[in-house]
Amino acid sequence: MAILPIIIAPDPRLNQPCEPVETVDDNVRRLMDDMLSTMYDAPGLGLAAPQVGVLKRIIVVDVSKNPDNPTPMQLVNPEIVWSSDELFDYEEGCLSLPDHYAPVTRPARVRVRYLDRTGTQCEIEADRLLAVCLQHEMDHLEGVLFVDHISKLKRNVILRKLQKTKKQMSAKAMADA
Ligand code: GNR
Ligand code: NI
């Protein structure tokens, strides 16, 4: 299994809606396994395909935070079929916005329909951290980042800082080459 490079914002690939997967084949399964390896290596609680440059509706999640008892989930074409009126605030981060965090308010519980790695349609109901992560990952499939849920001022501060860091990193890579 491979560890894939994670795209850092700002990047147009993180702002595009992704295409549905037509068939859950070996290529899709290999990508999902690589996404899980990449997520555990980072480490992160979830990862969406566009974060590794693949504009397909695929996400992986594991909120167990316990390497001895992992609960990896791989979801193809996930959709929210129900969400609670009750809301939940959580301090969110994103592997594509490293070292930046902000509170985001979302529905506290969601019911998600998806295809598993065998192509079978499944549904799960999630609350708390799992609900947060599923919604955060599914946002990525619409080209939406957690900073799109906070004020424009805070969003621009974070995105400008990231752009500056990216420029410094590429300048350093050029100098070192
Ligand atoms: O690792 C991650 N942690 C996290 C914390 C709070 C809310 C959402 C997340 S998901 C994030 C990994 C990521 O960027 N997934 O797209
Ligand atoms: Ni993210």
(Q) According to ring pair (Phe, Tyr, Trp, His ring centres under 6.0 Å), does anything in residues 58-106 pair up with another residue at least two apart or in another chain? List the pairs. (A) none

Q: Give a yes or no on whether Met73 and Ile59 share a hydrophobic cluster (residues Ile, Leu, Val, Met, Phe, Trp, Tyr; joining criterion: side-chain heavy atoms under 4.5 Å apart).
A: yes

Q.
Between Gln51 and Leu47 (side chain of the first, backbone of the second, donor and acceptor by atom type, cut-off under 3.5 Å), is there such a pair?
A. no

Q) Just by distance, do the side chain of Thr38 and the backbone of Leu4 share a donor-acceptor pair under 3.5 Å? A) yes

Q) What do you reckon, is CG of Asn66 surrounded by more than 12 foreign heavy atoms closer than 6.0 Å? A) yes

(Q) Contact between Val21 and Ile58 at the side-chain level, heavy atoms closer than 4.5 Å - yes or no? (A) yes

Q: Quick one: list whatever passes side chain to side chain contact (heavy atoms under 4.5 Å, CB included) with Pro17, sequence neighbours left out.
A: Glu142

Q: State yes or no: do Val110 and Tyr114 share one hydrophobic cluster built from I, L, V, M, F, W and Y residues joined by side-chain heavy-atom distances below 4.5 Å, directly or via other members?
A: yes

Q: With sequence neighbours excluded, tell me which residues meet side chain to side chain contact (heavy atoms under 4.5 Å, CB included) with Arg117.
A: Arg29, Met32, Asp33, Gln74

Q.
If I take atom CG from residue Asp99 and atom SG from residue Cys94, how far apart are they, to the nearest 0.5 angstrom?
A. 12.0 Å

Q | Salt-bridge contact Arg111-Glu125 (side-chain N to carboxylate O under 4.0 Å) | A | yes

Q: Find out if a path of hydrophobic residues (ILVMFWY) with successive side-chain heavy-atom gaps under 4.5 Å connects Val60 to Ile6.
A: yes

Q: Would you list the pairs meeting ring pair (Phe, Tyr, Trp, His ring centres under 6.0 Å) in which at least one residue belongs to residues 117-143, sequence neighbours left out?
A: His136-His140

Q) How would you list, by chain and number, every residue that makes a side-chain hydrogen bond (donor to acceptor under 3.5 Å, both in side chains) with Glu137, sequence neighbours excluded? A) none

Q.
For Ala126 versus Ala131, what's the shortest heavy-atom pair and its separation?
A. O-CB, 3.7 Å

Q) Where do Ser37 and Ala2 come nearest, in terms of heavy atoms and distance? A) CB-O, 3.8 Å

Q) Is Glu92 salt-bridged to Arg106, cutoff N-O under 4.0 Å? A) yes

Q) Of the non-hydrogen atoms in Leu55 and Pro50, which two are nearest, and what is the gap between them? A) CD2-CB, 3.8 Å

Q) Looking only at heavy atoms, what is the nearest atom pair of Lys56 and Ala49, with distance? A) O-CB, 3.4 Å

Q) Going only through I, L, V, M, F, W and Y residues with side-chain contacts under 4.5 Å, is there a path from Val61 to Val52? A) no

Q: Mind checking the CG-CE spacing from Leu31 to Met1? Nearest 0.5 Å is all I need.
A: 12.5 Å

Q) Do side-chain atoms of Arg109 reach the backbone of Ser84 as a donor and acceptor pair under 3.5 angstrom? A) no

Q.
Is there a side-chain contact between Val112 and Glu123 in this structure, where contact means two heavy atoms from C-beta onward sitting under 4.5 Å apart?
A. no

Q | Results of salt bridge (Lys or Arg N to Asp or Glu O under 4.0 Å) for Asp116 - residues two or more places apart only | A | none

Q: Might you point out which heavy atoms bring Leu95 and Gly44 nearest each other, and give the distance in Å?
A: CD1-CA, 4.2 Å

Q. If you look only at pairs with a residue in residues 157-172, which of them pass as a side-chain hydrogen bond (donor to acceptor under 3.5 Å, both in side chains), with sequence neighbours excluded?
A. Lys172-Asp176

(Q) If you define the side chain from C-beta out and look only at heavy atoms, does anything of Leu45 sit under 4.5 Å from Lys65? (A) yes

**Q.** For Pro70, all residues meeting side chain to side chain contact (heavy atoms under 4.5 Å, CB included), sequence neighbours excluded
**A.** Tyr40, Asp62, Pro72

Q | From CA spacing to verdict: side-chain contact (heavy atoms from CB on, under 4.5 Å), Val132, Val63 | A | CA-CA 10 Å; Val132 170; Val63 297; over 6 Å; no

(Q) List the residues meeting side chain to side chain contact (heavy atoms under 4.5 Å, CB included) with Pro103, not counting sequence neighbours, and say none if there are none. (A) Glu91

Q. When clusters are formed from ILVMFWY side-chain contacts under 4.5 Å, directly or step by step, what else is grouped with Leu162?
A. Ile7, Ile8, Leu14, Leu97, Val104, Leu145, Phe146, Val147, Ile150, Ile158, Leu159

**Q.** Residue pairs passing the side-chain hydrogen bond (donor to acceptor under 3.5 Å, both in side chains) test where at least one lies in residues 146-158, sequence neighbours excluded
**A.** Asp139-His149

Q. Considering residues at least two apart in sequence or located in another chain, which fulfil the salt bridge (Lys or Arg N to Asp or Glu O under 4.0 Å) criterion with Arg128?
A. none

Q | Reported CG-to-CG distance for the pair Asn77 and Leu115, which is rounded to 0.5 angstrom | A | 5.5 Å

Q) Is Leu75 linked to Leu130 within one hydrophobic cluster, defined over Ile, Leu, Val, Met, Phe, Trp and Tyr using a side-chain heavy-atom separation of less than 4.5 Å? A) yes

